Amino acid sequence: MTQSNDFKGIYTALVTPMHEDGSIDHESLVRLVQHLQEQEVTGFYVGGSTGEGFILSGEERKAVLETVVRAAEGKSKIIAHIGSIGTEASIELARHAHGQGVDAMSAVVPFYYKTTADQIKEHYYAIMAAVPLPMIVYHYPGATGVQLSMDFYEELARHPQCIGVKFTSLNLFEMQQIRARCGEDFLVFNGHDEVYAAGALTGADGAIGSTYNMMAPLFVRMYREAARGGWQQLPALQAEANEVIAHMVRFDVIPYEKYICYAQGIIRTPKTRQPLKQLTEEETAAIRVFYEGNGTLRQAAGTRA
């Protein structure tokens with residue numbers, strides 16, 4: 001039986017490094033995984049929004065996961081995001097993930113087509129019936145346009161395979177209500193990095209975040225402070241993170257994070273796939289200036305930059 005305590009911690013929602021031609025840069029991906037392991041993240045969330053999962057082909061998503069599994073060498077927890085618009089496509093990715101020996105799977109709700117809550121529940125039930133991995137629901141209403149009820153989460157939480165939710169919303173009242181109604185054994189992962197401290201105070205069991213690609217040590221420290229009850233430390237640490245995040249949102253999240261990882265010497269290029277934003281020379285120059293003057297990002301680079 002899955003022990004939910006085994007999954008608590010800080011997980012990097014990995015970017016997917018690419019060559020200039022847009023193909024996957026597996027060597028850079030290995031370096032990124034190993035770099036973040038040195039920074040003591042709990043594990044990796046692979047193939048999600050940050051990883052450009054919905055812009056990759058199914059075969060590319062499988063190849064990325066295989067590279068992460070090999071690079072991690074069993075030293076880190078791996079959560080494979082297998083979500084797709086269609087149930088059968090999700091099951092195919094889930095079966096592949098299970099074959100790779102990952103620790104859990106996660107799936108965003110089906111989007112684009114207008115489905116009912118019951119249809120969405122059946123989607124998750126079908127995936128779990130096909131693959132015995134623990135399931136973490138990916139709640140991201142800002143991207144999917146799907147807002148689910150507390151009754152929905154309470155019902156899913158009763159399924160023995162459904163162990164938690166990646167909660168990517170600024171509605172912390174809703175986060176607290178999921179915790180209250182689904183119980184302490186149902187994991188809640190904070191998903192918006194800019195409110196991690198508040199999420200931890202609300203009862204989050206950890207976090208799955210994209211900015212950990214470029215400043216993981218700060219969030220590892222926040223998690224440890226929260227775990228030991230060092231709440232008075234969290235506001236200043238969150239403000240330190242938010243200085244970077246406030247600069248990032250002036251541009252675009254994924255291209256910015258990739259550029260910082262590039263500036264830190266971890267990945268070979270900051271390439272993203274269209275239709276994501278392609279940074280201009282003026283924008284990359286501005287990001288470089290900020291990076292050079294920001295101690296948090298520079299320290300997170302370690303000896304590579």
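Any value given below was found using the heavy atoms of this structure, including those in side chains, with hydrogens, waters and symmetry copies removed. Note that the coordinates shown come from a computational prediction; the quantities given were computed from them, not determined experimentally.
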Main-chain N/O of Tyr291 paired to Asn294 side chain as donor or acceptor, under 3.5 Å: no
With a 3.5 Å distance limit and no angle check, can you tell me whether Thr144 reaches the backbone of Tyr140 through a side-chain donor-acceptor pair? yes
Would you call Glu292-Arg288 a salt bridge at under 4.0 Å N-O? yes
Side chain of Glu52, backbone of Val15: donor and acceptor closer than 3.5 Å? no
Looking only at non-hydrogen atoms, find the nearest pair between Ile208 and Ala13 and report the distance. CG2-CB, 4.2 Å
Does anything in residues 223-233 pair up under side chain to side chain donor-acceptor pair (under 3.5 Å), and if so which pairs, sequence neighbours excluded? Glu40-Arg224, Glu225-Arg228
Residues Ala226 and Leu234: closest non-hydrogen pair is N-CD1, 4.0 Å
I need the Met150 CE to Ile178 CD1 distance, nearest 0.5 Å. 4.5 Å
For Gly191 and Thr168 the tightest heavy-atom approach is CA-OG1, 3.6 Å
For Thr269 and Asp25, run side-chain contact (heavy atoms from CB on, under 4.5 Å): C-alpha distance rounded to whole Å, both residues' side-chain angles, the deciding distance at 0.1 Å, then the answer. CA-CA 9 Å; Thr269 79; Asp25 182 353; 5.7 Å; no
Rounded to the nearest 0.5 Å, what separation is found between the CG atom of Asn171 and the OG1 atom of Thr202? 10.0 Å
Find out whether the Lys NZ or Arg CZ of Lys77 is both under 6.0 angstrom from the six-membered ring centre of Tyr11 and within 45° of the ring's axis. no
Does any part of the side chain of Ser84, heavy atoms only, come nearer than 4.5 Å to the side chain of Leu93, both counted from C-beta? yes
Using modelled atom types and a 3.5 Å cut-off, is there a donor and acceptor pairing between side-chain atoms of Tyr212 and backbone atoms of Phe44? no
Would you say the side chain of Asp103 lies within less than 4.5 Å of the side chain of Ile79, judging by non-hydrogen atoms? no
Quick one: pull up OG1 in Thr296 and CG in Leu218 and give me the separation to the nearest 0.5 Å. 5.5 Å
Leu156 side chain near Phe186 side chain, heavy-atom distance below 4.5 Å: no
Tell me, do Glu283 and Lys277 make a side-chain contact under 4.5 Å, heavy atoms counted? yes
Heavy-atom donor-acceptor pair, Ser28 side chain to Ile267 backbone, under 3.5 Å: no
Quick one: do Asp21 and Lys271 satisfy salt bridge (Lys or Arg N to Asp or Glu O under 4.0 Å)? Show the steps, please. CA-CA 8 Å; Asp21 65 0; Lys271 176 70 177 178; over 6 Å; no
Residues 163-185 vs ring-ring contact (aromatic ring centres under 6.0 Å, His included), sequence neighbours excluded, gives His139-Phe167
Report yes or no: do Phe251 and Val289 belong to one cluster of Ile/Leu/Val/Met/Phe/Trp/Tyr joined by side chain heavy-atom distances under 4.5 Å? no
With the threshold set at 4.0 Å, does a side-chain nitrogen-carboxylate oxygen contact exist between Glu155 and Arg158? no
Counting neighbours of CD on Glu27 that are heavy atoms of other residues, nucleotides or ligands and sit closer than 6.0 Å, is the number greater than 12? no
Following the transitive rule for hydrophobic clusters with a side-chain heavy-atom cut-off under 4.5 Å over Ile, Leu, Val, Met, Phe, Trp and Tyr, establish whether Val69 and Val30 coincide in one cluster. no
Could you report the tightest heavy-atom contact between Thr67 and Leu29, atom names first, then the distance? CG2-CD2, 3.7 Å
Strictly distance-based, threshold 3.5 Å: is any side-chain N or O of His81 a donor or acceptor partner for the main-chain N or O of Tyr45? no
Please check this pair: side chain of Ser90 against backbone of Gly86, looking for a donor-acceptor N/O pair closer than 3.5 Å. yes
For His192, does its backbone N or O pair with a side-chain atom of Asn190 as donor and acceptor, under 3.5 Å? yes
Walk me through it: do Ile245 and Met215 pass the test side-chain contact (heavy atoms from CB on, under 4.5 Å)? CA-CA 11 Å; Ile245 293 169; Met215 52 178 175; 4.0 Å; yes
Does OH belonging to Tyr262 count more than 12 external heavy atoms closer than 6.0 Å? no
State whether Asp205 and Arg179 are salt-bridged, where the test is any N-O pair (Lys NZ or Arg NE/NH1/NH2 against Asp/Glu carboxylate O) under 4.0 Å. yes
Checking the side chain of Gln176 only, and the main-chain atoms of Gly203 only, is there a donor and an acceptor separated by less than 3.5 Å? no
Assess the side chains of Glu66 and His26: does a donor N or O sit below 3.5 Å from an acceptor N or O? no
Within the side chain of Gln238, is there an N or O that forms a donor-acceptor pair under 3.5 Å with the backbone of Glu194? yes
Is any side-chain heavy atom of Met214 less than 4.5 Å from a side-chain heavy atom of Tyr256? yes
Is there a side-chain contact between Ile85 and Phe111 in this structure, where contact means two heavy atoms from C-beta onward sitting under 4.5 Å apart? yes
Check for me whether Arg61 meets the cation-pi criterion with Phe54, that is, NZ or CZ under 6.0 Å from the six-membered ring centre and within 45 degrees of the ring axis. yes
Membership question, hydrophobic clusters at under 4.5 Å side-chain separation (ILVMFWY): are Ile120 and Met128 in the same one? yes
If I take atom CG from residue Leu133 and atom OG from residue Ser106, how far apart are they, to the nearest 0.5 angstrom? 11.5 Å
For Met222 versus Ala241, what's the shortest heavy-atom pair and its separation? CE-CB, 4.4 Å
Side chain proximity check, Val220 to Gln39, heavy atoms < 4.5 angstrom: no
List, by chain and number, the other hydrophobic cluster members for Ile55, where Ile, Leu, Val, Met, Phe, Trp and Tyr join if side-chain heavy atoms come within less than 4.5 Å, directly or indirectly. Ile254, Leu276
Taking all non-hydrogen atoms of both residues, which atom of Met248 and which atom of Thr211 are closest, and how far apart? CE-CG2, 3.8 Å
For atom CZ of Arg221, is the number of surrounding heavy atoms from other residues, nucleotides or ligands below 6.0 Å larger than 12? no
Atom pair CG (Asp151) and NZ (Lys121), whose distance is rounded to the nearest 0.5 Å: 8.0 Å
Do Lys62 and Leu65 have side-chain heavy atoms sitting under 4.5 Å apart? no
Start with the C-alpha gap between Ile24 and Leu56, add the side-chain angles, then the distance that decides, and say whether side-chain contact (heavy atoms from CB on, under 4.5 Å) holds. CA-CA 9 Å; Ile24 309 299; Leu56 305 182; 3.9 Å; yes
Rounded to the nearest 0.5 Å, what's the gap from OG1 on Thr50 to CG on Asn213? Could you check? 7.0 Å
CA sep, side-chain torsions, deciding dist, call: Met105, His98, side-chain contact (heavy atoms from CB on, under 4.5 Å): CA-CA 8 Å; Met105 60 184 172; His98 184 233; over 6 Å; no
